[in-house]
2 protein chains.
Amino acid sequence: MIWAPLFQRLKTTTGADDRDLESLAALPFTLRNFRENQTVLRDGEQPTECCLIADGFCVRSKTVVDGRRQILSIHIPGDLPNLQNLHFPSVDHDLIALSDCTLAFIAHKALNDLIGERSGVGDMFWRDTLVDAAVSREWIVNVGQRSTYVRLAHLIVELRERLRLIGRVIDNTFEIPLTQEQFGEAMGVTSVHTNRILRELRIDGVLELQRGTVRILNEHKLQELAQFDGRYLQMSPSS
Amino acid sequence: MIWAPLFQRLKTTTGADDRDLESLAALPFTLRNFRENQTVLRDGEQPTECCLIADGFCVRSKTVVDGRRQILSIHIPGDLPNLQNLHFPSVDHDLIALSDCTLAFIAHKALNDLIGERSGVGDMFWRDTLVDAAVSREWIVNVGQRSTYVRLAHLIVELRERLRLIGRVIDNTFEIPLTQEQFGEAMGVTSVHTNRILRELRIDGVLELQRGTVRILNEHKLQELAQFDGRYLQMSPSS
DNA sequence: TGCCCTTCTTAACATTTGTTGCGTTTGCCC
DNA sequence: GGGCAAACGCAACAAATGTTAAGAAGGGCA
């Protein structure tokens, strides 16, 4: 059931109406598989569908002139990484599959028709893009102000909270299938430096990363380090 | 007429419907003045109104535990910096007046009622928050991947394009009333380093910054440096 | 005018991060 | 099982950026 992670998230962040969700689930979609490193959407493209990540991980990224690449966001099952194309024809970044992925494509027309009928669906989607924006703002803080050591801890806690919501965290262990180079691209540092910082985190007994599997070694130390304030994820309906 | 810059922007980015704009202009609002450095919204607050910047500059910012501050976005007349509170009760950052400011506050209720009546207004606002999100993503790239020298050039070109749209650029000169420390906070570097980079830009004959007034010395050099691709601002309706 | 505060400016030095290079490990495919 | 490519690990050195400190310049106000 491809809708489960999205519905889980929408219910948590917005207390979604069940009939709105049912109407969403009734929409036609096309499943497409992507392989690791395959480009889903290219900068400048004008998609006519929105995609829902049914399985796997994707990232948004931008490449600057000298070839350096910045990862803008990490997307997990249940995410709708190009909802903005309901309003703007072109994507202004790349969307790339990090792992083998299954994506459900839903036509803009079908979505727009549904939004026209049920304004609650439009509100849910608007909220979803607002959370996406809040995550981007937190990333600006992460890259701009936190030391690489803390930055990596914060990034990993953010991902853990989002993965926990869709049931992907077991025994303090979870998958974030990025290479060290890709973690570096998310943090604005090189792979060499990412390696240095990971070593420190391992030696300090905070956490361990092995080929995309994160294991928390000391929850208390991690919390103290990351100083994670998850309000921006809007995971508790009261916020 | 407080609506002019907003309408100018909405027309350019979305080809707004005139009747939607008229209905907006008919909404009741309260004008409030803020002084330089005064906090408009504090992290955690639950505003019941959205604000429109009628005059002056504001910034969103977040402060991390060790006291360092990151500026998340710079807002100019015509911006609606807390539109997201139509959907989420709390702000997750501070909103601070950089200069003496005049803000128009519009009640959420009035806005929501209007959106209920005229879905085009809701669409415009949704689009506006999407552009805001696109700007945040570009800032992640700026802070993460560009050298401080290029980063400052890029930031200034972005602001120039946005200011130009509302008629605030004259003869390659315009106001961005940030101190060097605040420019640093927007770029994730210290004021000392900002000063170093500004000196280089001045010596290289690219641009000059004096107490918040920017003067472009060599447009060609600036363009070549910043490699500014303004598509993310959605200023041409065709994008 | 003179005082005071903020901002700007610069230098010397410390720390972080990037660059280059190379050896090791891992996973995949024949 | 052997070979290959990608990812990991690490060290030496270079470059960018932070820290600290101090003086200069500017603006507001008595």
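Bear in mind the structure is a predicted one, so any value in this text is a computation, not a measurement. Letters go in sequence order (proteins before strands), and every chain restarts at 1.
One can place CG of Asn37(B) at 17 Å from P of dC5(C), the figure rounded to the nearest angstrom. Taking atom CZ of Phe183(B) as the reference point, atom P of dT7(C) lies 14 Å away to the nearest angstrom. At whole-Å resolution of the value, CD in Glu36(B) and P in dC5(C) are 17 Å apart. Atom CG of Leu198(B) is separated from atom P of dT9(C) by 8 Å (rounded to the nearest Å).
Within the 4.0 Å cut-off from OP1 or OP2 of dT9(C), at least one side-chain nitrogen or oxygen of Asn195(B) is found. Put simply, Arg199(B) has no side-chain N or O that comes within less than 4.0 Å of OP1 or OP2 on dT9(C).
Between Leu207(A) and Arg202(A) the shortest side-chain heavy-atom distance does not fall below 4.5 Å.
A salt bridge does not link Glu208(A) with Arg199(A): none of the charged nitrogens is closer than 4.0 Å to a carboxylate oxygen. Salt-bridge formation is not detected for the pair Arg196(A)/Glu200(A): no Lys NZ or Arg NE/NH1/NH2 atom is positioned less than 4.0 Å from an Asp or Glu carboxylate oxygen. Of the charged side-chain nitrogens involved, none lies within less than 4.0 Å of a carboxylate oxygen, so that Asp94(B) and Arg69(B) do not count as a salt-bridged pair.
Taking the six-membered ring for Trp and the full ring otherwise, Phe228(A) and His154(A) have centroids separated by under 6.0 Å.
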Could you walk me through whether Phe29(A) and Leu52(A) pass the side chain to side chain contact (heavy atoms under 4.5 Å, CB included) test, one step at a time?
CA-CA 10 Å; Phe29(A) 60 83; Leu52(A) 165 67; over 6 Å; no
Run the side chain to side chain contact (heavy atoms under 4.5 Å, CB included) test on Val91(B) and Asn85(B) for me, step by step, so that the C-alpha distance in whole Å, both residues' side-chain angles and the decisive distance to 0.1 Å come before the verdict.
CA-CA 7 Å; Val91(B) 280; Asn85(B) 291 124; 3.0 Å; yes
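Of the possible donor and acceptor atoms, one in the side chain of Gln70(B) sits under 3.5 Å from a partner among the backbone N and O of Glu185(B).
Among the atoms of the strands shown, only primed sugar atoms or phosphate atoms (P, OP1, OP2) are found under 4.0 Å from some heavy atom of Thr148(A). Residue-level contact check: Ser147(A) touches neither bases nor backbone, having no heavy atom under 4.0 Å from any strand.
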Mind listing the N/O atom pairs, protein and nucleotides 18-26 of chain C, below 3.5 Å?
from, atom 1, to, atom 2, distance (Å)
dG18(C), OP2, Thr190(A), N, 3.1
dG18(C), OP2, Thr190(A), OG1, 3.2
dG18(C), N7, Arg196(A), NH2, 2.7
dG18(C), O6, Arg196(A), NH1, 3.3

Pairs under 3.5 Å (N/O, protein and nucleotides 28-30 of chain C):
none

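Each end of the helix from dT1(C)-dA30(D) to dC30(C)-dG1(D) yields a helix axis from five base pairs, and these two axes differ in direction by 40° (to the nearest 10 degrees).
Considering all non-hydrogen atoms of both residues, Gln234(A) and Val131(A) come closest at CG-CG2, 3.9 Å.
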